[in-house]
Amino acid sequence: MAKGIYVSATTPGSGKSLVALGLADTLHRHADRIGFFKPVVHGPDATADPMVALMKSRFALEDERCRGGLTHEEVRSLLAEGNRAEIDARCVEIFAEISRHCDVVIVEGTDLVGQDSAVEFDLNARLANNLAAPIVAVVGAKGRTVAEAASAVEVARKELAAERCSLLAIMVNRADPADLDAIAAAVKPGASKRPVYILPELEAIARPTTGEVAAALGVRQIAGRPDMERDVKDIKVAAMNVGNFLNVLDEGALVIVPGDRADVMVACLAASFSPEFPVASALILTGGLAPDANIYPLLAQAPFPVFAATEDTYTTARRVSEVRSEIWSGHRRKVASALGLWSRRVDETELMERLHLPRAERMTPLRFLHDLIERARSQRRHVVLPEGTDVRILRAAEILHRRDVCDLTVLGPESEVRELAAARGIDLSGINIVDPATSDLRQKFAEKYAELRAHKGVDLAKALEIMQDVSYFGTMMVQLGVVDGMVSGAAHTTAHTIRPALEFVKTREGVKIVSSVFLMLMPDRVLVYGDCAVNPDPNVEQLADIALASAETAAQFGVEPRVAMLSYSTGGSGSGEAVDEVRQATELVRQRRPDLAVEGPIQYDAAVDASIAESKMPGSSVAGQATVFIFPDLNTGNNTYKAVQQSSGAVAVGPVLQGLRKPVNDLSRGCTVEDIVNTVAITAIQAQAPAS
């Protein structure tokens with residue numbers, strides 16, 4: 001049976017779902033198959049619990065590995081009947097079914113929010129014992145003094161010991177950020193002498209979103225942008241004249257106003273289009289009053305949602321103030337904030353030492369992407385994003401910052417960038433914004449560029465003009481060590497992105513060509529395809545360069561390089577100019593890297609299929625088990641990676657540029673926010689390598 005880990009609240013409002021999510025993120029990178037089980041769910045349907053849904057989507061868990069158990073009402077009825085044994089039996093049965101498909105199962109206990117919290121505590125302790133699962137105890141510190149939080153830890157230890165539970169770890173959550181050190185000092189060490197982790201209350205998680213407010217109140221949207229992920233940072237009831245109201249309006253405030261106050265509606269809308277005024281997160285029009293017909297076309301342009309409520313203003317404001325935000329809402333920004341907090345406050349290595357899990361054997365796409373984030377965090381680097389007026393870039397920057405992946409600089413006119421962010425509900429606090437046109441660095445960069453390009457007739461005046469271009473400015477930031485890497489291409493062509501790097505960053509010593517690879521995330525392994533994005537028709541030396549660079553990239557991302565130099569024939573079975581070029585390139589690779597496993601020319605089927613390899617190239621250390629595939633030209637490579645991606649469901653990460661002295665990476669203009677996040681993480685990892 002799989003090992004179970006029981007996440008149990010020891011006080012009401014502990015925020016244990018954050019701990020369950022962080023624990024799942026950690027375990028997912030250390031075990032082949034994780035599962036999630038919530039024995040008691042609060043909704044009417046045990047199969048539709050939102051935390052179960054979040055875990056399924058976040059970690060790609062099938063139904064058989066992620067389930068709810070009994071509803072809260074079922075448990076209450078069984079307890080009232082004195083039939084605790086039935087609760088235990090059904091939960092053990094479901095846990096056993098999940099365990100058959102898992103190496104480790106995270107079990108999230110009840111919330112202790114009812115009047116019978118003592119009964120729930122006992123229920124959690126008994127279930128943990130019946131599932132033979134050690135407990136991660138979560139103590140809520142919100143509203144508690146330092147002494148009270150430390151005392152709650154001691155009480156949790158004693159009560160769990162009295163129930164004969166195995167205690168894996170204690171975490172104090174939702175602490176006042178100003179009290180973190182004091183709580184850590186006040187908490188007494190337990191018998192294991194292991195650390196007690198202290199996590200602060202995080203506003204980014206605690207704030208409800210516009211979607212959560214709308215769902216809780218049952219209001220309908222009548223106008224504006226359907227953005228349900230905007231944070232509600234404050235609540236403002238518009239009961240004063242417009243001049244006074246604008247004076248107290250805060251960024252991200254949810255404005256509650258009677259439906260006949262057209263003046264306030266128009267003022268909120270006008271404020272959203274002016275960089276000098278804050279932007280509301282949403283409007284709720286109360287009293288069931290319909291705005292004047294002439295107002296609707298204006299409200300339709302609102303960058304935030306506009307809702308209509310039938311209740312009066314006071315009742316609506318009271319109900320909004322009672323809305324609680326939950327991580328299981330699944331909003332990616334809240335999840336990013338939670339995981340960023342977890343990574344900053346919990347020592348993953350120390351925690352994993354307590355578990356003794358078997359070593360993971362498979363590299364799934366999700367695990368690889370999670371590893372990227374963790375590796376990027378391990379040695380913090382600074383990445384510049386030149387395209388600050390692209391909303392995808394700003395959303396990715398916010399997520400990267402919340403997840404604490406790396407330091408970021410965004411380029412663009414500051415007022416324009418901030419106005420765009422405010423209009424879309426994006427929080428850029430903690431992210432550096434630089435306008436190349438007004439930056440103090442522009443003069444220095446222009447002087448350096450004029451020096452480097454003097455042989456091309458570039459003088460200082462021309463260089464000053466060129467340094468207003470975000471691609472050139474960002475690349476010079478990399479070149480002069482202001483930042484460690486650059487990611488661009490969401491709104492620019494590949495040529496525009498890499499031209500500056502070719503001009504003055506240049507290739508690494510011994511490398512004659514900049515090339516690219518895609519990291520192809522197959523269901524159980526990672527393959528490397530090159531070159532599929534940059535060089536149309538490489539010659540023999542360039543092909544060898546691409547192979548060597550791709551092997552280095554593979555090793556950098558944890559893929560053991562076994563290089564297949566692809567052609568339409570295998571070994572000596574074919575001839576012709578194209579085959580001969582691949583054969584010559586293979587020999588060059590062997591000469592320059594005698595230690596590298598390389599085979600060529602070889603056909604794709606012989607490179608990946610062991611049975612075909614046995615007949616076409618027996619005894620080869622590469623055939624049938626290749627991990628790095630070098631295509632003879634761009635036409636072949638680009639079509640092949642897309643064919644594999646579409647037909648097999650593989651995730652293609654890239655293109656990742658290689659061969660430059662410092663990391664600069666290109667995005668597809670059709671990239672998603674997730675693509676940008678992954679590429680920034682890759683760039684940060686590349687920047688961790690010693691400079692050449």
Side-chain angles (χ1 to χ4, degrees), residues 201-217 219-287 289 291 295 298-309 311-326 329 331 333-334 337 394-395 398 402 415 418-430:
E201 174 82 317
L202 201 61
E203 282 191 8
I205 298 174
R207 295 171 182 152
T209 63
T210 51
E212 288 172 321
V213 169
L217 271 65
V219 294
R220 61 187 179 90
Q221 184 175 359
I222 61 170
R225 186 187 300 278
D227 187 350
M228 299 302 162
E229 290 196 27
R230 300 176 76 97
D231 287 338
V232 175
K233 299 178 181 179
D234 194 7
I235 302 169
K236 294 294 182 184
V237 176
M240 56 185 72
N241 67 45
V242 167
N244 290 328
F245 170 71
L246 287 177
N247 193 46
V248 299
L249 179 62
D250 297 320
E251 186 72 33
L254 186 148
V255 177
I256 302 171
V257 58
D260 59 356
R261 287 291 302 273
D263 56 339
V264 174
M265 299 175 209
V266 173
C268 288
L269 187 60
S272 71
F273 295 129
S274 172
E276 285 78 31
F277 286 90
V279 180
S281 60
L283 280 178
I284 298 182
L285 312 184
T286 63
L289 301 172
I295 299 296
L298 296 176
L299 293 178
Q301 306 304 314
F304 45 75
V306 180
F307 303 106
E311 295 174 316
D312 61 57
T313 301
Y314 172 79
T315 303
T316 301
R318 178 180 55 77
R319 292 186 63 197
V320 171
S321 69
E322 295 171 350
V323 176
R324 292 177 54 197
S325 180
E326 302 288 354
S329 64
H331 293 301
R333 296 188 303 162
K334 290 189 183 297
S337 296
L394 299 185
R395 290 199 187 281
E398 182 187 28
R402 289 190 179 212
S415 61
R418 293 198 182 280
E419 187 176 351
L420 176 62
R424 297 302 181 94
I426 300 169
D427 183 2
L428 296 182
S429 57

Query - Sequence neighbours excluded, every pair satisfying salt bridge (charged side-chain N to carboxylate O under 4.0 Å, His left out) that has a member inside residues 235-249 - result: D234-K236, K236-D250
Requested in this report: May I ask you to decide if R207's main-chain N or O and R324's side chain share a donor-acceptor pair within less than 3.5 Å?
Outcome: no
Report task. Could you grab the distance from atom CZ of R230 to atom CG of L254, nearest 0.5 Å is fine? Result -> 10.5 Å
Query raised in the report: Do S272 and F277 touch side chain to side chain, with heavy atoms closer than 4.5 Å?
Result: no
Requested in this report: Assess whether side chain to side chain contact (heavy atoms under 4.5 Å, CB included) is satisfied between D231 and R333, documenting all intermediate values.
Outcome: CA-CA 10 Å; D231 287 338; R333 296 188 303 162; 3.6 Å; yes
Report task. Drop me the distance from D312's CG to R318's CZ, to the nearest 0.5 angstrom. Result -> 9.0 Å
Query - Min side-chain heavy-atom separation V306-Q221 under 4.5 Å - result: no
Query - Reported CD-to-CZ distance for the pair E229 and R424, which is rounded to 0.5 angstrom - result: 13.0 Å
Report summary line: CD1 of I426 to CG of L420, rounded to nearest 0.5 Å, is 6.0 Å
Query raised in the report: Between R402 and S337, does any side-chain donor sit less than 3.5 Å from a side-chain acceptor?
Result: yes
Query raised in the report: Can you tell me how far the CZ atom of F245 sits from the CZ atom of R261, to the nearest 0.5 Å?
Result: 9.0 Å
**Report entry** Flag side-chain contact, heavy atom, 4.5 Å: I284 against V257
**Finding:** no
Query raised in the report: Is there a donor-acceptor pair under 3.5 Å between the side chain of E212 and the backbone N or O of T209?
Result: yes
Query raised in the report: When you measure from the side chain of T315 to the backbone N and O of E311, does any donor-acceptor pair fall under 3.5 Å?
Result: no
Query raised in the report: Quick check: does any side chain N or O of E398 sit under 3.5 Å from a backbone N or O of D427, one acting as donor and the other as acceptor?
Result: yes
Query raised in the report: Do T210 side-chain atoms and D227 backbone N/O form a donor-acceptor pair below 3.5 Å?
Result: yes
Query raised in the report: Between the main-chain N or O of A271 and the side-chain N or O of S274, is there a donor-acceptor pair closer than 3.5 Å?
Result: no
Report task. Can you measure from OG1 (T286) to CG (L217) and round to the nearest 0.5 angstrom? Result -> 11.0 Å
**Report entry** D260 and P291, any side-chain heavy atoms less than 4.5 Å apart
**Finding:** no
Query raised in the report: Do V264 and V266 come close enough that some side-chain heavy atom pair is under 4.5 Å?
Result: no
Query - Within-4.5 Å side-chain heavy-atom neighbours: S281 and K233 - result: no
Query raised in the report: With a cut-off of 6.0 Å (strictly less than), are more than 12 heavy atoms of other residues, nucleotides or ligands near CZ of F273?
Result: yes
Report task. Find out whether F307 and L285 are in side-chain contact, i.e. whether some heavy atom of one side chain is under 4.5 Å from a heavy atom of the other. Result -> no
